[in-house]
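Notes for the one structure printed next.
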Amino acid sequence: MSKRHKPLVVGNWKMNPATLARAEKIWVDVQKALSGRRGLTEVAIAPPLPFISEIMQLSGPQKIDFVAQDVSYEEGGAFTGEVSVAMLRSIGVKCAIVGHSERRARGENDLDVNKKVQALIASKSAAIVCVGEKERDRSGDYFNQVEEQISKALSGVTPAEMKHVVLAYEPVWAIGTGQSAEGSDVQEMKLFIYKILADLYDRETAEKTRVLYGGSVNADNAASLLEAGTSDGFLVGGASLEAKQFAAIVKAADHYAKFA
Ligand code: PGA
C-alpha cells in the first residue's frame, strides 16, 4: 500500500488577521517557534494575499513556502477582484489552495475547481485540492461525494501532471468546529482516495500523491491523527494563527517522518 511521503503542513490563515502589523507579528513568531528544527516536513503558509509580499520580506533562512488561498483560472483582463496564476508566480507564489469548502460555499463548483487545477498545472504551479463531505450519512454516501469531487477536479489531468497536485481531505463538519475526524476515519478515507486515484490513473500515481487531512487539527491531536490516520500532513486553519500550536503540529509531523 501507499508509501509514506515527506509530510506537508500548510497553515491557512483564511481572512485573518485584520492588519499587516498583526500578520508580520504572527509570521515572525512562527519562524521563531520553528527555528532550529531539522525536520523533514515541508512547511507552507497561506496568508491573505495583501500581506504575502510584505511578510516575505521578513523571511529568515528557514524554507517555508507561501501558498495562495485561491486563484483565478483566467489568464488576465476584465475580471474585477481576481488574481491570476501568473501574478502569483511573479511574487514567488507557486501553489494555491483550490476548492476549499469555504469557497465552495460561496459558489465555487467542481468545474471551477477543475479549471483552476488546469491553470495551475499549465504554469507548473501546484494545486492543493480540497475535497470533503458536508456531513456523514449512515449509508456512506459521503464516499460518493468525495469520489465525485476528486474525479471532476482532476478531469483531464494526466498521470505525469499529478506531481503538481496535493489532495486535502477536509470534511466540512470538522472545519473550525473543534471536532476533528478520528484517525480511523482519516485512514479509511485515505485508502478510499488511494483507490480512486489508482482507478483514475494507476497504483504508482496513487502512491505518489500526497493526501493531507484538514479540520480542527491542533497541537493535541496532530500526532495521533498522523499515526492512526496515515495522513501525509495537514491543512491547518485556526491553529496556524498561533505560532506555538502551529510549530507543535509541524514538529509532530517531523517526528512521524523520522519514524516512518
Ligand atoms: P480549521 O480549518 O483547522 O480551523 O478547522 C481547516 C481548513 O479550513 O483548512
Side-chain angles (χ1 to χ4, degrees), residues 7-18 22-23 26 29-30 33 41-49 51-52 64-71 93 95-108 112-113 116-117 120 126-136 142 145-146 149-150 153 165-183 185-186 189-190 193 210-226 228-229 231-253:
L8 169 66
V9 175
V10 182
N12 174 11
W13 291 7
K14 308 192 180 186
M15 203 167 77
N16 299 295
R22 182 80 194 107
I26 296 171
D29 289 349
V30 163
T41 306
E42 285 175 28
V43 185
I45 59 159
L49 274 183
F51 300 153
I52 288 191
I64 301 177
D65 287 322
F66 285 85
V67 169
Q69 296 176 16
D70 186 26
V71 69
V93 176
C95 177
I97 297 168
V98 296
H100 191 283
S101 63
E102 288 155 13
R103 305 267 359 134
R104 291 183 193 258
R106 301 182 77 81
E108 182 166 294
D112 298 326
V113 175
K116 291 178 181 190
V117 171
L120 286 159
I128 299 175
V129 183
C130 301
V131 296
E133 75 281 2
K134 286 206 182 98
E135 54 187 25
R136 287 213 156 190
Y142 58 92
Q145 290 172 33
V146 169
Q149 286 174 336
I150 292 178
V165 174
V166 172
L167 291 174
Y169 170 57
E170 296 211 305
V172 180
W173 49 267
I175 296 178
T177 58
Q179 200 198 335
S180 153
E182 298 289 327
D185 296 332
V186 178
M189 190 53 85
K190 179 138 189 249
I193 291 173
R210 277 195 283 209
V211 181
L212 311 183
Y213 167 75
S216 298
V217 176
N218 58 40
D220 296 329
N221 61 20
S224 66
L225 280 166
L226 285 162
S231 110
D232 301 319
F234 299 120
L235 188 50
V236 186
S240 70
L241 291 158
E242 291 170 43
K244 283 196 181 133
Q245 283 245 19
F246 187 61
I249 294 166
V250 170
K251 286 174 189 171

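Counting starts at 1 for both ligands and their atoms, in listed order.
- Scored by the salt bridge (charged side-chain N to carboxylate O under 4.0 Å, His left out) test, Asp70 finds Arg103, Lys116 as partners (sequence neighbours excluded).
- Residues meeting the side chain to side chain donor-acceptor pair (under 3.5 Å) test with Lys251, sequence neighbours left out: none.
- A salt bridge between Glu170 and Arg104 is absent, with no side-chain N of the basic residue lying under 4.0 Å from a carboxylate O of the acidic one.
- Between the Thr41 side chain and the Pro7 main chain, no donor and acceptor come within less than 3.5 Å of each other.
- Under the salt bridge (charged side-chain N to carboxylate O under 4.0 Å, His left out) criterion, Arg136 pairs with Glu133, Asp185, not counting sequence neighbours.
- By the 30° and 60° cut-offs, the orientation of the rings of Phe234 relative to Tyr213 is perpendicular.
- Contact residues of ligand 1 (protein heavy atom closer than 4.0 angstrom to a ligand atom; sorted by chain and number): Asn12, Lys14, His100, Glu170, Ala174, Ile175, Gly176, Gly215, Ser216, Leu235, Val236, Gly237, Gly238.
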